[in-house]
Amino acid sequence: MKTGRRALALSAGLLLVLGLAATGWAGEDFVFGGGRIKAGSLVSGLLPVPGPGGQGTSIPYTVIHGAEPGKVLALVAGVHAYEYPPILSLYRLKNEIAPAALRGTVIMVHIANLPSFQKRTVYYGPDDWKNLNRVFPGDRRGTMSQRIAAALNEEVVGRADVLVDMHCGDGNEALIPYTYWMISGDEAFDAKTRDLALAFGLPHIIIDDTRGRDLKDSKYLGNTAILRGKPAVTTEAGFLGRTDEESIRLNVRGVLSVLRHLGMIDGRPEPAADPVWIDKYEVVTSKWSGLFTPRVEMGWFVRAGQIVGTVTDYLGDWKEDVRAPFTGILLYVIGTPPCNAGEPLFEVGRVKEK
Ligand SMILES: [Zn+2]
């Protein structure tokens, strides 16, 4: 009898679990960072990342777990931690998104690369001098950047349905706002990411078919999400390590618009009405280490062969006039003097004709 009752209770429990799995929701907890988060609540914390030789770091996050069912949206700031407007926008949004009014779940990564933020480094992490956005999917037993990438891949990409990797011009980059729409080759999937790119609302969208298709060498956070079947875009709004209100506002508005687009909060999205589509882009790198002096400004139109800037050596002697490879918009240009062989000087984008 006892056994029979237990079997009955077990099967009822199983039915309940099956029922939950079928609907995807019954106000259940959201599991993140080893903890359980109740529906209709907000939790902030530090995701530990054990480092090589015991020197670890952590990833500051907030999870807002809505009172109603919906998608799981990951918003990641600070993969490059000298890129402040995305970071500052998420702290604002943390106080603007009410758990009771949210359908689904928002995972905010406030500062993905905390060692870089603490040491104020551009491009690279201070522990291994690797670019976090080139080492995905990461390695739990690798260097610090590889370990951070692995943690983000497992805990954030793994838990998300949709991801926005929020960047801007790094501390040395004068940059105009744009979004990378990364092409996977699957038309239906690419239509979703296109809508996501439009929803974020930035005025330029790069049609980017240059990313690798191997998940074991996905390199970029956004590309990692896409290769795992999760729509993702990389956004760029802000420049030169500044914290200007306009750039912060672009990021806040973009996130709120994406939340509306995904049906996670009430209101109409504010997609880019008629963006400039960029169908080809090139990052021109330096052949020399020395100083770079730009001759034009971010957002200017340059023709093929036009001088974008001049490189001089450490003694002040001319080395090269660096020219635009084709006619297009200067999406970003290095705005501080140091330039290093192999590192970017500027990015030109070709405007897509109708
Ligand atoms: Zn960046």
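Whatever order the structure lists them in is the order used to number ligands and atoms, beginning at 1.
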Counting backbone and side-chain atoms alike, does Cys168 have an N/O/S atom under 2.8 Å from the Zn ion (ligand 1)? no
Are any N, O or S atoms from Glu83 nearer to the Zn ion (ligand 1) than 2.8 Å?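 For Glu83, the answer is yes, given that an N, O or S atom comes within less than 2.8 Å of the Zn ion (ligand 1).
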Does the side chain of Ser145 pick up a donor-acceptor pair with the side chain of Tyr124 at under 3.5 Å? no
Check whether the side chains of Trp181 and Thr193 place a donor and an acceptor atom closer than 3.5 Å, and report yes or no. yes
Kindly assign one of parallel, tilted or perpendicular to the pair Tyr84 and Tyr82, based on the angle between their ring planes and the thresholds 30° and 60°.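 The arrangement is tilted - the two ring planes meet at 30° to 60°.
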Could you please compute the angle at the Zn ion (ligand 1) from ND1 of His80 to ND1 of His167, rounded to 10°?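 Result: 100°, to 10°.
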Cation-aromatic face contact Arg303/Phe326, 6.0 Å, 45 degrees: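 No cation-pi geometry.
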